[in-house]
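Remarks on the structure that follows.
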2 protein chains.
Amino acid sequence: MTRAKKGRNLTHSIVETLGQSIAAGVYNDKPFPIEAKLCTQFSASRSVVREAVKMLTAKGLIGSRPRQGTWVQGERHWNFLDKDVLSWLLKSGFSYDLMIEFIEYRKAVEPEAAALAARNARPSDLEAIRVALVHMQIAEAGKADPLQSDINFHLAVLDASNNRFIIQNKELVQTVLQYAIKLTNKTKGVQTAELEAHQAIADAIFAGDPVRARAATLAILEEALSLIQEHRPKTSFSSAIS
Amino acid sequence: MTRAKKGRNLTHSIVETLGQSIAAGVYNDKPFPIEAKLCTQFSASRSVVREAVKMLTAKGLIGSRPRQGTWVQGERHWNFLDKDVLSWLLKSGFSYDLMIEFIEYRKAVEPEAAALAARNARPSDLEAIRVALVHMQIAEAGKADPLQSDINFHLAVLDASNNRFIIQNKELVQTVLQYAIKLTNKTKGVQTAELEAHQAIADAIFAGDPVRARAATLAILEEALSLIQEHRPKTSFSSAIS
DNA sequence: TTCATAGGAATTATATGATAATTAAACTAT
DNA sequence: ATAGTTTAATTATCATATAATTCCTATGAA
């Protein structure tokens, strides 16, 4: 009898538990349970279990058919751009590959977001970026959470792009970076160099200079990427650490 | 009594119908119906309606609470990076803004995808790109569907990135471009210039040259963007045509 | 009046049991 | 062997009942 995680309600708890199990590959070597089995496992009614299964279906994680039962879809069907799916992947254990792929993806999205921000940001967007930067300065002085202020800056830039597809990535970036904080849990302060790099992005956006905004953002992400690649084990076997 | 669309089953039909209605803004000026009302509207059981609602919840379109009922979430909660949500938005009527935002997003993702492909593509990925290019050549000669071959080329490049977050965008690109075909329905052939532009991407990827691959992809998307911006009405009022 | 508290009502959440539809697998007849 | 038929497993749908949540209202006290 699997104990479902606490949550808003029973359905969501089961979604969380199953989603995480699927992401962790628990059902790679055994079939996904049928409805009736899930009911006993979670001591829940069929309604609740079916609703949970449907939510996972909506995110591409599972499929189902009469007589055939319910099964875990191939990874290529999973919606990696869904914050829940992403968080389940992260919780299932650290993976250098996943982290690197995500930074590569950020290298695509965030520089362009900054460029768009330089062209499209509204006054309120600029104000939010300015505030985020001030928070980073306060953090540099040791008087605020340095990693959270870092995250908030990136979110503010994404917001300022005023592009709904790009803004959507806020949740993904937040999910991953928040996870990274928990993982490292290092109380590193904001480095002066780092602050200057972020200042450069903000300046470019304030100046309405897309090219400079793009380049400045790219620089930060290149740095992040090479940092994690340095730490990555050489052997492709141990690329995932649970 | 709303007639639900045909589909795999009743639940999915209701998801389609409601998803599209929400995207079309049908509930902007009236409250979203409560469970019981939806049951009568679709002449379906509560189980089915609730499962449909849960699937829409999983995509960020709606929320629900006891006594408070069910409501349409603000657009910022919608998962724009979900292919169903995107297709519902498209079906709800052409919007220059949405199209432009999507091309801007492609400008972020696809050049980087090409760059990654130049570095990470496996032999089978390269073969797929080669085949896609050949199909475009056949289309240029008028012996294959030109727009479909164009789409397939872009999908092959995304695939070749070998980055799961970027590969996910295949479904989005496919959804939008397929929709664009239906919309324009123009039997335009593959222009020689266009073919050469795609050839340039493939060459760069084959040569393992990320910088050139990125630039060549960007060129095509810049072209697409300026093309649609030319056609866009100047007044921000008529930015959406139903 | 104003505030807190309790009660009532609306709606979703959960449980249970029954029937229908789908389809893979087993069976049968040729 | 092969085509067609039956059977059985599982999800899909329906119906109904009860519980939990929370907004709203009524009540009463300061």
Side-chain angles (χ1 to χ4, degrees), chain A residues 1-19 21-22 26-27 30-74 77 84, chain B residues 1-19 21-22 26-27 30-74 77 84:
Chain A
M1 177 345 225
T2 307
R3 200 188 320 285
K5 302 193 151 42
K6 307 298 171 200
R8 244 188 315 166
N9 56 34
L10 187 49
T11 304
H12 284 264
S13 308
I14 295 175
V15 168
E16 277 295 311
T17 305
L18 286 179
S21 298
I22 291 169
V26 167
Y27 302 106
K30 63 181 175 190
F32 194 83
I34 67 172
E35 258 180 40
K37 183 86 187 183
L38 287 173
C39 289
T40 60
Q41 271 187 18
F42 291 103
S43 25
S45 69
R46 293 224 313 287
S47 337
V48 168
V49 165
R50 281 184 57 84
E51 283 166 21
V53 163
K54 281 289 187 285
M55 293 188 79
L56 294 171
T57 302
K59 293 173 186 297
L61 263 55
I62 62 190
S64 59
R65 268 195 229 156
R67 160 81 214 208
Q68 217 167 312
T70 308
W71 63 88
V72 175
Q73 294 277 21
H77 290 105
D84 293 324
Chain B
M1 145 52 185
T2 306
R3 199 187 320 285
K5 305 194 148 41
K6 308 298 171 201
R8 239 183 322 165
N9 57 31
L10 186 49
T11 304
H12 285 263
S13 308
I14 295 175
V15 168
E16 277 296 312
T17 305
L18 285 180
S21 297
I22 292 170
V26 167
Y27 301 107
K30 62 182 176 191
F32 194 83
I34 66 172
E35 261 181 38
K37 181 88 187 182
L38 288 173
C39 290
T40 60
Q41 272 187 18
F42 291 104
S43 27
S45 68
R46 281 191 65 209
S47 334
V48 168
V49 165
R50 280 184 58 82
E51 283 165 23
V53 163
K54 281 290 187 279
M55 293 188 80
L56 294 171
T57 302
K59 293 173 186 297
L61 263 56
I62 61 191
S64 59
R65 267 194 229 158
R67 161 80 215 210
Q68 216 166 312
T70 308
W71 63 88
V72 175
Q73 293 277 21
H77 289 104
D84 293 324

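Side chains are part of it too, since the values below use all heavy atoms of this structure and drop only hydrogens, waters and symmetry mates. Note that the coordinates shown come from a computational prediction; the quantities given were computed from them, not determined experimentally. Below, read A as the first sequence line, B as the second, and so on, with proteins coming before strands; counting in each chain starts at 1.
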B:I14 to B:A44 - nearest heavy-atom pair and separation = CD1-CB, 4.0 Å

B:S13 and B:G7: which non-hydrogen atoms are nearest, and at how many Å?
-> OG-N, 3.6 Å

Find the distance between CE (A:M55) and CD (B:E51) and round it off to the nearest 0.5 Å.
-> 12.0 Å

Can you list the residues that meet the side-chain contact (heavy atoms from CB on, under 4.5 Å) rule with B:L38, with sequence neighbours excluded?
-> B:L18, B:F32, B:P33, B:Q41, B:F42, B:V49, B:V53

Who pairs with A:S64 by side-chain contact (heavy atoms from CB on, under 4.5 Å), at least two apart in sequence or on another chain?
-> A:T70

Are any of the side-chain heavy atoms of B:V72 and B:L61 separated by less than 4.5 Å?
-> no

Which salt bridge (Lys or Arg N to Asp or Glu O under 4.0 Å) pairs, counting each pair once, include a residue from residues 62-74 of chain B, with sequence neighbours left out?
-> none

Tell me, which pairs form a salt bridge (Lys or Arg N to Asp or Glu O under 4.0 Å) where one or both residues lie in residues 34-44 of chain B, sequence neighbours left out?
-> B:E35-B:R46, B:E35-B:R50

What does the inter-axis angle of the helix from C:dT1-D:dA30 to C:dT30-D:dA1 come out as, five pairs per end, nearest 10 degrees?
-> 0°

Can you list the residues that meet the side chain to side chain donor-acceptor pair (under 3.5 Å) rule with A:K54, with sequence neighbours excluded?
-> none

Segment of DNA chain D, first to last nucleotide, that comes within the 4.0 Å heavy-atom reach of chain A | D:dA8 to D:dT13

In numerical order, the residues of residues 56-63 of chain A whose heavy atoms come under 4.0 Å of DNA chain C are none

Show each protein N/O and nucleotides 5-7 of chain C N/O combination with a separation under 3.5 Å, one pair to a line.
none

Summary of protein contacts for nucleotides 11-17 of chain C, nucleotide by nucleotide, where a base hit scores B, a sugar-phosphate-only hit scores S (4.0 Å, heavy atoms) | BSBBBBB

